[in-house]
Protein chains: 2
Amino acid sequence: MFSTFRDRFPIDDKKRNEYVSYFKLMKVPAKTRLLEEGKISKKMFLIETGCIRVWFNNNGKDVTTQFFFENNMVGSIESFRKNIPSPVTIETIEPSVLWWIHKKDLDKIMEEIKEIPSLRDMFIDAIFDRTYDYMKQFISSIKDSPEQRYLNLIQERPQIIRRIPQHYIASYLGITKVHLSRIKSKLAKG
Amino acid sequence: MFSTFRDRFPIDDKKRNEYVSYFKLMKVPAKTRLLEEGKISKKMFLIETGCIRVWFNNNGKDVTTQFFFENNMVGSIESFRKNIPSPVTIETIEPSVLWWIHKKDLDKIMEEIKEIPSLRDMFIDAIFDRTYDYMKQFISSIKDSPEQRYLNLIQERPQIIRRIPQHYIASYLGITKVHLSRIKSKLAKG
DNA sequence: CTGATTTGTTAACAAATGTTATCGCGGGAG
DNA sequence: CTCCCGCGATAACATTTGTTAACAAATCAG
């Protein structure tokens, strides 16, 4: 799991081992809530195996905003960064193996990283990439039909299609599960 | 225009004057294209007066993705940062007074800023805020109806309602101008 | 001022999407 | 094994949204 760290982060072994030691292993069943809407986030999670969805309650209906898989880092960044109640619930879909790190430890790592120019730039790039992702998703939502967005998902994120229950995907696309089912059957015929 | 700089940026007068000297004034009429889709962005713009929209061509139809007003910094960040062709056109809506800065000068400023912890953190915060904005917009697009999104706009960005032609707003909301007109008349009656 | 262009409204109809309900399949709990 | 229950498909009907077209109002160039 941490081998990618070794390749990409130019820090000495001692430091790296210290950083790695902050992460703790946990195994959880499906549908485990790692963070509840309204609570303040104190942990970030790194997925070794399994998958996770991020969602919130909108007038009694689930709205799914993100999916995460192996090697992704998951957390309510907004809650984490600003110490405000999380707008979302974070929940496993499959039984999962996770590494988690406490906020105070991650903050410490971040402070140190920001003094190393190459790492700092990687960090900034990562944030920018995140911004571009959301930008693309927003643009797609006003430019593409639900059918087109489903096709995009097949192309760009086949894992979602393969591993995620369909009603979560529908919620993620902003449509009902009935409508998604119709889109699928239409595509199967056409 | 640059008075906010003085208050918020803890750098000495000499440096600040150097930075300010990089910005050049320009006055342009409405519908001036500051950056064309497909070109590589070499400039960022700071709006003194006027407003700007960002849009791209989607199978012959305008899709508007952003609006900017006074004191906003505008540019195709993606093109600017990665030196790739801009996915969008940037165009004034009203006659505008702008300050522009060349990429190489802004890069220089950025490199220096990143060595000053408080400024660096401000910069990182700014990127995060941008990410949250897009995140919110994306979430609103899957959670809210067009009517609700229009109401949100009235609440949160009244400038858009007041100053932007309605068909651009419709395009920004991902609906047709006819539909937006219907929403307005429905709200006027209800 | 005047004609042309841009912007906004409305109506009639078509297509997309939501709602509700029903059915069936398959896996997990007991 | 059996019985739920989560998940997905489909149908019938309701509502929302798009399309096209015609017209009205506002704005702009000459």
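In what follows, chains are A, B, ... by sequence order, proteins preceding strands, each numbered from 1.
Going from atom NZ of A/Lys27 over to atom OG1 of A/Thr92 covers 14.5 Å, rounded to the nearest 0.5 Å. Expressed to the nearest 0.5 Å, how far OG of A/Ser76 lies from CD of A/Gln66 amounts to 9.0 Å.
Side-chain contact check for A/Lys103 versus A/Asn83: some heavy-atom pair is nearer than 4.5 Å. Within the 4.5 Å cutoff, side-chain heavy atoms of B/Arg81 are placed close to those of A/Asp125. Using a 4.5 Å cut-off on side-chain heavy atoms (C-beta onward), A/Arg163 and A/Ile93 make no contact. A heavy-atom distance below 4.5 Å is found between the side chains of A/Ile11 and A/Leu119.
The pair B/Glu36-B/Lys39 does not meet the salt-bridge criterion, since no charged nitrogen lies less than 4.0 angstrom from a carboxylate oxygen. Under 4.0 Å is where a charged nitrogen must lie from a carboxylate oxygen, and between A/Lys104 and A/Asp107 no such pair does. Looking at B/Lys108 and B/Glu112, a side-chain N of the basic residue comes within less than 4.0 Å of a carboxylate O on the acidic one, giving a salt bridge.
Straight-line distance from the CG atom of B/Asp62 to the C1' atom of C/dT6: 13 Å, rounded to whole Å. In this structure, A/Ile183 places its CD1 atom 11 Å from P of C/dA16, rounding to the nearest Å. Atom NZ of B/Lys31 is separated from atom P of C/dT5 by 13 Å (rounded to the nearest Å). Atom-to-atom, NE2 of B/His179 to P of C/dT17 comes out at 12 Å; the value is rounded to the nearest Å.
The aromatic rings of B/Phe138 and A/Tyr172 lie perpendicular to each other, with more than 60° between the two planes, well past the 30° mark.
Two end axes, each from the C1' atoms of five base pairs, can be drawn for the helix from C/dC1-D/dG30 to C/dG30-D/dC1; they diverge by 50°, to 10 degrees.
Running 5' to 3' along DNA chain D, contacts with non-hydrogen atoms of chain B at under 4.0 Å begin and end at D/dT17 to D/dT20.
For the segment residues 163-176 of chain B, the set of residues with a heavy atom within less than 4.0 Å of an atom of DNA chain C comprises B/Pro165, B/Gln166, B/His167, in numerical order.
No engagement by A/Lys177 is indicated, since no non-hydrogen atom pair under 4.0 Å with the nucleic acid exists.
Listed for the A/Ser140 side chain is no donor-acceptor partner under 3.5 Å among the backbone atoms of A/Gln137.
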